[in-house]
Number of protein chains: 2
Amino acid sequence: MSDTPSAATRAPAPGRAAFDRDEQRRRKREAVLRVAASAFNRRGFANTSMDDVASVLGVSKPTLYQYFKSKQELLYACHQVAMDNGEAGLALAAAHDGTGLEKLIIYLRRYMEGIFGDLGNCPVLTDVDSLVPEDRANVVARRKRISAATKELIALGVADGSIGPCDPKLASLFALGVVNWIPAWYRDSGPNTPEEIMESFAALLISGLAAPAAPKRQRAKAKPKA
Amino acid sequence: MSDTPSAATRAPAPGRAAFDRDEQRRRKREAVLRVAASAFNRRGFANTSMDDVASVLGVSKPTLYQYFKSKQELLYACHQVAMDNGEAGLALAAAHDGTGLEKLIIYLRRYMEGIFGDLGNCPVLTDVDSLVPEDRANVVARRKRISAATKELIALGVADGSIGPCDPKLASLFALGVVNWIPAWYRDSGPNTPEEIMESFAALLISGLAAPAAPKRQRAKAKPKA
DNA sequence: GGTCCTCCCTACCATTTAGTATTTATATTT
DNA sequence: AAATATAAATACTAAATGGTAGGGAGGACC
């Protein structure tokens, strides 16, 4: 106590220790999120208890509360990851210089990659109602922007002739439905790889949306079965 | 009061009174199911309490238990209605004499009609886990049959040339995803009528699946918006 | 009028589960 | 090595909610 242990002694590398700790903490937090997302996705948000999540991780429930202050925050984080994927796809599409249809497919591919990714295998976005009102408003608004951007992409395609005449609003709901429904049936142990699925779906979307007289009519080389 | 209005008037059809009672009971049961299905669909099964359902109907909770022995039975009934719609569509498709693609569209249209119908606006089929094990097995098995039939319809179309080469399994997941996702966004108060939606989606599915060189390449006469 | 029978409601119970208070172990710093 | 801060476990609280028991109101039939 003769000397207050503050400044001089902690100076050498006080930051690194803190950094390592923070890094570990960050990783643990992510592990919690990953497990929770997977469980929420498989069994539903309300059907998954915090004890369930904890037991999968081999820890006890209060531990989870060191990383997320509530179950709802966990759900909120899941929603954000999913929306991050959507926005990443939109950014990719914006960066690509091509037709509206091409942009749309680039976007949807990226979005699907997120869905298949460990973390992005995120909760069916249905459960907006379980969120805290403030978070809900946030999620709804952000999702609305993503939806609108999807619609705009399709409208662009219709305008430049790469997409056949259609109602962009309905066409976007069509495309997003296909993609959003994936978590409902996809299982890692299933017969198809994410790549096969993305390939097939992209091809189906392309042929579904492409303008009838489109110059290059792509179709995935499907494996004939019989 | 001199004459009890009972006997004479009731005598002619004593059975009718009983019938009316049963009929009333049946109607009440249906009302419960309708309200519950709507609530489950909107807010999720687990987020909807029996008190919620009861209060919408203006009755008390125990009353519900006169028509359904448990909340899970209510969910089971919802699943059955949805599957009834699917099977009705399959029957319609089987009765139609045409290409695989035509059959598929007939089936999916009927299925969508069910989804838009008051009652068929049924719970996202996701919540299989909330069912009693026995019911769950039943639902899973029946759904698997419907899924398989959908796949078969597509395989038929591929075989007869009305549908382009593709993996029938993935194509069926594609088509069912579009349709199953509808309850997630459709609202009666929305801008589009069920007919418009069905028309658009059918057109998108047709052009998405039809064989490239298909003789009659249909495209819905979309209303050009601008 | 008396007796069912049907229906529904007011409590109530029991279970599940989100979240917390308190204690114990672990690692880091001086 | 002592001290401190962090992390995690045990044991608990409180609220929500599925489901039930028992009673009361009203019509139907003798």
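Heavy-atom basis, side chains included; hydrogens, waters and symmetry copies ignored. Each chain gets a letter, A, B and so on, in the order the sequences are listed, and its residues count up from 1.
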Short side-chain N/O contact from [X] to OP1 or OP2 of [N], under 4.0 Å:
{"X": "B:Ser60", "N": "C:dC9", "answer": "yes"}
{"X": "B:Thr63", "N": "C:dC7", "answer": "no"}
{"X": "A:Lys69", "N": "C:dA18", "answer": "no"}
{"X": "B:Tyr67", "N": "C:dC8", "answer": "yes"}
{"X": "A:Arg25", "N": "D:dA7", "answer": "yes"}
{"X": "A:Gln66", "N": "D:dT6", "answer": "no"}

Write down the distance between [atom1] ([X]) and [atom2] ([N]), rounded to a whole number of angstrom.
{"X": "A:Met50", "N": "C:dT20", "atom1": "CE", "atom2": "C1'", "value": "13 Å"}
{"X": "B:Tyr76", "N": "D:dG18", "atom1": "OH", "atom2": "P", "value": "21 Å"}
{"X": "B:Leu75", "N": "D:dG18", "atom1": "CG", "atom2": "P", "value": "13 Å"}
{"X": "A:Lys28", "N": "C:dA27", "atom1": "NZ", "atom2": "P", "value": "10 Å"}
{"X": "A:Leu64", "N": "C:dG19", "atom1": "CG", "atom2": "P", "value": "11 Å"}
{"X": "A:Leu74", "N": "C:dA18", "atom1": "CG", "atom2": "C1'", "value": "12 Å"}
{"X": "B:Asn47", "N": "C:dA18", "atom1": "CG", "atom2": "C1'", "value": "14 Å"}
{"X": "B:Arg29", "N": "C:dC7", "atom1": "CZ", "atom2": "C1'", "value": "17 Å"}

Any side-chain heavy-atom pair from B:Tyr76 and B:Val132 closer than 4.5 angstrom?
no
Residue A:Val59, side-chain atoms from C-beta onward, closest of D:dA9, D:dT17, C:dA18:
D:dA9
Please pick, from D:dT10, C:dC9, D:dT17, the nucleotide with the shortest atom-to-atom distance to any side-chain atom of A:Pro62.
D:dT10
Whether over 12 other heavy atoms sit under 6.0 Å from B:Arg187 CZ:
yes
Ion pair present between A:Arg34 and A:Glu30, side-chain N to carboxylate O less than 4.0 angstrom?
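The answer is yes: the pair qualifies as a salt bridge.
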Are A:Asp129 and B:Arg42 close enough for a salt bridge, meaning some N to O gap below 4.0 Å?
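So A:Asp129 does not pair with B:Arg42 through a salt bridge.
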On the ring face of A:Tyr65, is A:Lys71 found with NZ or CZ under 6.0 Å from the centre and within 45° of the axis?
no
Going by modelled atom types, is there a donor-acceptor pair between the base of D:dG18 and the side chain of B:Lys61 at under 3.5 Å?
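Side chain to base: pair found, below 3.5 Å.
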